[in-house]
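What follows is a set of notes on a single structure, which appears directly below.
We're numbering straight along the sequence, starting at 1. All values below come from the heavy atoms of this structure, side chains included, with hydrogens, waters and symmetry mates left out.
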Amino acid sequence: MARLWALMLVLVAAPQGMAGTVIVRDSREPFDAFAVRDAFKEQKAWQQTLANEQQIRILQALPVSCILVPSPRPEPRHQGHGGRDYQCGQHYYRPFQYQGRELYIGISPPSSGSQ
C-alpha cells in the first residue's frame with residue numbers, strides 16, 4: 001500500500017515540476033510569436049556578449065601598483081613573455097604582443113601548490 005501511495009505521489013508531483021511557465025492569452029489580442037522569439041534571442045545574445053567582455057580582461061597598460069611575479073606556467077615558445085606575470089591586487093595579467101604592441105591579458109591566479 002505504501003508503494004502505491006509513493007507511486008501516486010511521483011505521478012502527481014512530476015508533471016508539475018516540469019511544466020515551467022504557462023501564459024494564457026485572449027485569442028482576440030494580436031500576438032507575434034516570431035517577434036517575441038527574435039527579441040528573446042537578441043536579449044540572450046546581448047547578455048552573452050556582456051558576459052564574454054567581463055570574462056576577458058585586456059589592458060593596454062598596467063596600473064602602477066602591479067608587481068612582477070614569476071610565472072609557474074610553462075611558456076609556449078610563440079608567446080615569448082619570458083615567464084613574466086603581473087599581480088595587480090587580486091588580478092593577474094600576462095603580457096603578449098599584438099600588432100607590434102605589448103598588451104596585458106587577464107589570467108587565472110596561480111595555484112598555491114605550484115609555487
Side-chain angles (χ1 to χ4, degrees):
M1 188 69 169
R3 286 186 181 185
L4 179 61
W5 282 107
L7 179 61
M8 287 178 56
L9 179 64
V10 168
L11 291 176
V12 170
Q16 292 175 355
M18 293 183 220
T21 303
V22 177
I23 299 173
V24 179
R25 297 184 6 84
D26 186 353
S27 63
R28 293 173 287 188
E29 295 177 24
F31 179 73
D32 186 0
F34 296 109
V36 172
R37 179 201 62 193
D38 293 343
F40 181 73
K41 281 184 177 181
E42 288 176 13
Q43 181 183 16
K44 284 296 188 184
W46 178 251
Q47 289 173 351
Q48 186 63 37
T49 300
L50 289 177
N52 289 341
E53 287 178 1
Q54 290 175 354
Q55 290 174 358
I56 299 175
R57 296 183 316 269
I58 298 177
L59 301 179
Q60 293 181 7
L62 291 172
V64 177
S65 62
C66 294
I67 58 172
L68 180 65
V69 294
S71 175
R73 297 170 183 88
E75 178 186 344
R77 291 177 189 239
H78 68 279
Q79 284 186 348
H81 75 283
R84 300 178 293 149
D85 287 344
Y86 295 90
Q87 180 181 1
C88 306
Q90 298 294 321
H91 300 286
Y92 287 80
Y93 294 92
R94 172 168 293 161
F96 73 102
Q97 293 293 322
Y98 178 72
Q99 295 181 349
R101 297 174 49 198
E102 186 169 71
L103 300 177
Y104 303 90
I105 188 164
I107 58 174
S108 59
S111 61
S112 58
S114 64
Q115 291 182 353

Query raised in the report: What residues join V64 in its hydrophobic cluster, counting side-chain heavy atom gaps under 4.5 Å, either direct or through other members?
Result: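 Joined to V64, directly or through intermediates: none.
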
**Report entry** Remaining members of hydrophobic cluster (4.5 Å side-chain criterion), F40
**Finding:** none

Query raised in the report: Roughly how far, to the nearest 0.5 Å, is CD1 of I107 from NE2 of H91?
Result: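 The NE2 atom of H91 sits 12.5 Å away from the CD1 atom of I107.
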
Report task. To the nearest 0.5 angstrom, please state how far the OH atom of Y104 sits from the CG atom of L62. Result -> 5.0 Å

Sequence neighbours left out, what passes side-chain contact (heavy atoms from CB on, under 4.5 Å) with [X]? Give chain and number order.
| X | result |
| --- | --- |
| R28 | D26 |
| Q87 | I67, V69, Y92 |
| E42 | none |

Query raised in the report: Got a sec, which residues hit side-chain hydrogen bond (donor to acceptor under 3.5 Å, both in side chains) with Q47, two or more places apart in sequence or on another chain?
Result: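 Residues passing side-chain hydrogen bond (donor to acceptor under 3.5 Å, both in side chains) with Q47: none at all.
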
Query - salt bridge (Lys or Arg N to Asp or Glu O under 4.0 Å) contacts touching residues 97-109 (sequence neighbours left out) - result: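 Sorted result for residues 97-109: R84-E102.
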
Requested in this report: Please identify each residue that fulfils salt bridge (Lys or Arg N to Asp or Glu O under 4.0 Å) with R37, with sequence neighbours left out.
Outcome: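 For R37 there are no salt bridge (Lys or Arg N to Asp or Glu O under 4.0 Å) partners, ignoring immediate neighbours.
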
Query - Contacts of Y93 that satisfy ring pair (Phe, Tyr, Trp, His ring centres under 6.0 Å) - sequence neighbours left out - result: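 Scan of Y93 (ring pair (Phe, Tyr, Trp, His ring centres under 6.0 Å), adjacent residues dropped) gives none.
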
